[in-house]
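These notes concern the structure reproduced below.
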Amino acid sequence: MFSKEDTSKIKGVAIILMIFHHCFMSPSRYKGFLFSFFPLTEFRVNRISLAFKICVALFTFLSSYGIALSYKKLPADYHGKEIRNIILRRYIKLILNFIFVFIFVVLFSVITGKRSFSSRYGTGLLSFLYVVIDMLGLAQLFHTPTFLATFWYISLAILIIFIYPVLYYIYKSYGGTVLLALSVLFSVLFPVGRVKVTEAKSYAYLPMYIVCISLALVCANNNFLVKVKEFTLVKSSILNKGIHFLCLLVPIYVLFHLRKFILGSSLIPIFDAILPLLIICFLFEFIHPIPIIGRVLEFLGTHSMNIFLVHNFVRTVWYKNFTYGFRHFAIIALVLLLVSLGISIVLEFIKKLIHFDEFTQFLIKKVQRI
């Protein structure tokens, strides 16, 4: 079984990849700072960190996989109300947790003078509306100002929740092949960007990840991750593990290498669906079972949402000189991860003090009764 604990472990890996991606994807990220890249070169670290953008696809795949498992539990004669309840539960949990962190980072930024409202939202009557839209995670959908560009993913996460009934209906009615084919067609007809995907501002990046979302749905409904792990070619368990290791690692390496040549092309959505699937299969079988590493990754994974939302504030807005002030790139990434994790632990402690989770569950039940 692919459990919540396994999901958290992969999220732990994904957030580490994200830290490196945002810190070192290009020299412009740390312009004016000097530190060592030993035993690698600066160019190599930049290329690897740029490739680590796959972290977004990993989070997207896992989110879709989790939602698919919720739909999989529906009875054969399910009704629209049951679908509505799944949507409401996931949306309320997502948006309340985002709003909580949003209020924290905005207050901290404004109180410390690190960033002002006017610098991000402008002045006048529209500024308040921009704040509300941003706080609800909709800025990417409405193309309105946001307090930090990193928040774009919340718009995608919201879209995934609300389009899932359509994807699930297509899957149940016509099968996985049709769903994947339509997803590829959608990504081609509504491309996010041709030159630099990271600079595109339309569709909340849904065409970039629609194939990934659909593939996760298909995999969840067919228990694919567990089947890959348990698949045997030979009787020897050691030899079988070796075959699995090579059959997963080699394609991962090849796809990572090929991906940089097709950035901005219509093939990227397909690569960013297959590659995270292979990575997740590899981690599920070979990395997560390691006791200490698995527990560390699981702990990071449980805090990954908060780390994702605050780490770029630490890196660029609040403490850039501190973040890039260490003498080695690996130490820089580690310190940023630990500082962001520390903030997340504090935030979760505050949530417990104010009974945040209890309030969330109360609100979900109230809304579902309407």
Which word best sums up how the rings of [X] and [Y] line up, parallel for under 30°, tilted for 30 to 60°, or perpendicular for over 60°?
X: Phe322; Y: Phe326; answer: perpendicular
X: Tyr174; Y: Tyr169; answer: perpendicular
X: Tyr91; Y: Phe162; answer: perpendicular

Side chains of Tyr205 and Leu159: does their closest heavy-atom pair fall under 4.5 Å?
-> no

Indicate yes or no: at least one non-hydrogen side-chain atom of Ile154 is less than 4.5 angstrom from one of Leu136.
-> no

Sub-3.5 Å donor-acceptor pair from the side chain of Arg115 to the main-chain atoms of Phe147, do we have one?
-> yes

Indicate yes or no for a side-chain donor-acceptor contact from Thr302 to the backbone of Phe299 under 3.5 Å, with no hydrogens or angles considered.
-> yes

So which atom in [X] and which in [Y] form the shortest heavy-atom distance, rounded to 0.1 Å?
X: Ile54; Y: Leu17; result: CG2-CD1, 4.2 Å
X: Leu217; Y: Ala68; result: CA-CB, 3.9 Å
X: Phe108; Y: Thr112; result: O-OG1, 2.5 Å

List the residues meeting salt bridge (Lys or Arg N to Asp or Glu O under 4.0 Å) with [X], not counting sequence neighbours, and say none if there are none.
X: Glu298; result: none
X: Lys241; result: Glu285
X: Glu348; result: Lys351
X: Asp272; result: Arg259

Would you mind writing out the side-chain donor-acceptor pairs for residues 24-36 within the sub-3.5 Å range, not counting sequence neighbours?
{"unit_1": "Ser26", "atom_1": "OG", "unit_2": "Ser28", "atom_2": "OG", "d": "2.7"}
{"unit_1": "Arg29", "atom_1": "NH1", "unit_2": "His22", "atom_2": "O", "d": "3.0"}
{"unit_1": "Tyr30", "atom_1": "OH", "unit_2": "Glu42", "atom_2": "OE2", "d": "2.6"}
{"unit_1": "Tyr30", "atom_1": "OH", "unit_2": "Asn46", "atom_2": "ND2", "d": "3.2"}
{"unit_1": "Ser36", "atom_1": "OG", "unit_2": "Phe38", "atom_2": "N", "d": "3.0"}

Between Phe186 and Phe190, ring centroids under 6.0 Å | yes

May I ask you to check whether Tyr65 and Phe2 place their ring centres under 6.0 Å from each other?
-> yes

Please go through Phe231's hydrophobic cluster and name the other residues, only I, L, V, M, F, W, Y counting, with side-chain heavy atoms under 4.5 Å joining them.
-> Leu233, Val234, Leu239, Ile243

Please check if atom [atom1] in [X] has more than 12 non-hydrogen atoms from other residues, nucleotides or ligands closer than 6.0 Å.
X: Lys72; atom1: NZ; result: yes
X: Ile238; atom1: CD1; result: no
X: Lys229; atom1: NZ; result: yes

Run the side-chain hydrogen bond (donor to acceptor under 3.5 Å, both in side chains) check on Tyr164 and Ser70 step by step: do they pass?
-> CA-CA 11 Å; Tyr164 226 84; Ser70 297; over 6 Å; no

Trp318 pairs by side-chain contact (heavy atoms from CB on, under 4.5 Å) with which of Val339, Asn312, Val105?
-> Val105

Step by step, would you call Tyr130 with Phe142 a ring-ring contact (aromatic ring centres under 6.0 Å, His included)?
-> CA-CA 10 Å; Tyr130 291 155; Phe142 290 101; over 10 Å; no

